[in-house]
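Below is one structure, written out as structure tokens; the observations come after it.
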Amino acid sequence: MVEAAAKFTLDKGALDTEIAKEKEWNKVLIANHEGNVITTKSLGSVTKEEIQFFMGCLEDRDKTIGHGFILEGVHFDVHRFHPPLVYGRRGGPDEGEGIAFCRVKSKISNQFVYFVITYVLPIISARAIPQMLEFAKKFLGEANQIEFH
């Protein structure tokens with residue numbers, strides 16, 4: 001669970017310490033504005049293409065929902081597009097894994113940071129996404145509403 005004091009950081013060690021406290025998250029990916037991995041949790045190989053898709057997923061709702069997310073070669077259906085959040089899941093009613101993406105404006109670099117978590121049942125998006133937003137607000141920056149022109 002996220003502690004009360006905010007400490008904005010893009011330091012891998014500090015983020016790893018805070019991520020380790022989030023016991024309900026299965027996997028985590030945090031990447032910087034250039035698509036370079038800042039830190040991960042429980043991830044093996046994430047491709048540059050997978051990261052690039054996350055980085056551009058807010059640009060085209062239909063493409064993102066139609067394509068879904070791929071993380072470590074595993075496909076997740078995307079069923080919610082609420083910028084700066086996009087989320088979905090894979091699996092059936094009795095077993096599955098949810099995925100959530102959030103684009104955050106870093107308080108450190110003033111650049112975007114891309115934040116992805118997965119969570120397995122019985123954890124659902126209604127629980128995991130507020131945790132994700134709280135974590136982002138306390139340690140990364142603001143997840144502001146996207147303005148479309």
* If you group Ile, Leu, Val, Met, Phe, Trp and Tyr by side-chain heavy-atom gaps below 4.5 Å, do Leu43 and Phe76 land in one group? -> yes
* Asked: Can any side-chain N or O of Thr39 pair as donor or acceptor with the backbone N or O of Asp16 at less than 3.5 Å?
  -> no
* Please name the pair of heavy atoms, one in Glu24 and one in Arg127, separated by the smallest distance, quoted to 0.1 Å. => OE1-NE, 2.6 Å
* Asked: When you check the gap from the basic side-chain N to the acidic O, do Glu22 and Lys41 get nearer than 4.0 Å?
  -> no
* **Interatomic spacing from CD in Glu95 to CZ in Arg90 - rounded to 0.5 Å** => 8.5 Å
* Where is the tightest heavy-atom contact between Ile129 and Ala100, given as atom of each residue plus distance? -> CG1-CB, 3.9 Å
* List the steps, then state whether side chain to side chain contact (heavy atoms under 4.5 Å, CB included) holds for His79 with Arg89. => CA-CA 8 Å; His79 53 80; Arg89 65 185 306 267; 3.9 Å; yes
* To do: Evaluate the side chain to side chain contact (heavy atoms under 4.5 Å, CB included) criterion for residues Glu134 and Gln131: first the C-alpha distance (whole Å), next the side-chain angles of each, then the deciding distance (0.1 Å), finally the verdict.
  => CA-CA 5 Å; Glu134 182 180 352; Gln131 292 172 343; 5.8 Å; no
* Taking the side chain from Ser106 and the backbone from Val113, do they hold a donor-acceptor pair closer than 3.5 Å? -> no
* To do: Please report the C-alpha distance between Phe69 and Thr64 in whole Å, then the side-chain angles of each, then the deciding distance to 0.1 Å, and finally whether the side chain to side chain contact (heavy atoms under 4.5 Å, CB included) criterion is met.
  => CA-CA 7 Å; Phe69 286 145; Thr64 299; 4.2 Å; yes
* **Within-4.5 Å side-chain heavy-atom neighbours: Arg80 and Ser125** => no
* CG/Leu140 to NZ/Lys105 distance, rounded to the nearest 0.5 angstrom? -> 14.0 Å
* To do: Would you name the heavy atoms of Phe54 and Ile70 that are closest together and state the gap between them?
  => CE1-O, 3.9 Å
* **Within one Ile-Leu-Val-Met-Phe-Trp-Tyr cluster: Ile124 and Leu133, side-chain cutoff 4.5 Å** => no
* Look at the side chain of Lys63 and the backbone N and O of Gly56, then say whether any donor-acceptor pair between them is shorter than 3.5 Å. => no
* To do: Can you see which heavy atom on Phe53 is nearest to which on His67, and at what distance?
  => CZ-ND1, 3.4 Å
* Structure fact -> Rounded to the nearest 0.5 Å, the OH atom of Tyr114 sits from the CG atom of Leu58 at a distance of 8.0 Å
* Asked: Checking side chain to side chain contact (heavy atoms under 4.5 Å, CB included) for the pair Asn26/Ile123: CA distance, chi angles, key distance, verdict?
  -> CA-CA 10 Å; Asn26 190 38; Ile123 306 305; over 6 Å; no
* Asked: Would you say Lys12 has more than 12 foreign heavy atoms packed within less than 6.0 Å of its NZ?
  -> yes
* If you take all heavy atoms of Ile51 and Gly35, which pair is closest and at what distance? -> CG2-O, 3.5 Å
* **Expected output: side-chain Glu18 to main-chain Phe135 donor-acceptor under 3.5 Å** => no
* To do: Please round to the nearest 0.5 Å and tell me the distance separating atom OH of Tyr87 and atom OH of Tyr119.
  => 7.5 Å
* Structure fact -> So CD1 of Ile30 and CG of Leu15: to nearest 0.5 Å the spacing works out to 5.0 Å
* Asked: If you look at every heavy atom in Gly92 and Leu121, which pair is closest and at what distance?
  -> O-CD1, 4.3 Å
* Asked: Side-chain heavy atoms under 4.5 angstrom apart, residues restricted to Ile, Leu, Val, Met, Phe, Trp, Tyr: same cluster for Val120 and Leu71?
  -> no
* Asked: Quick one: NZ on Lys107 to NZ on Lys137, what's the gap to the nearest 0.5 Å?
  -> 9.5 Å
* Apply the side-chain contact (heavy atoms from CB on, under 4.5 Å) test between Ile99 and each candidate in Ile117, Val116, Val86; give the one that qualifies. => Val116
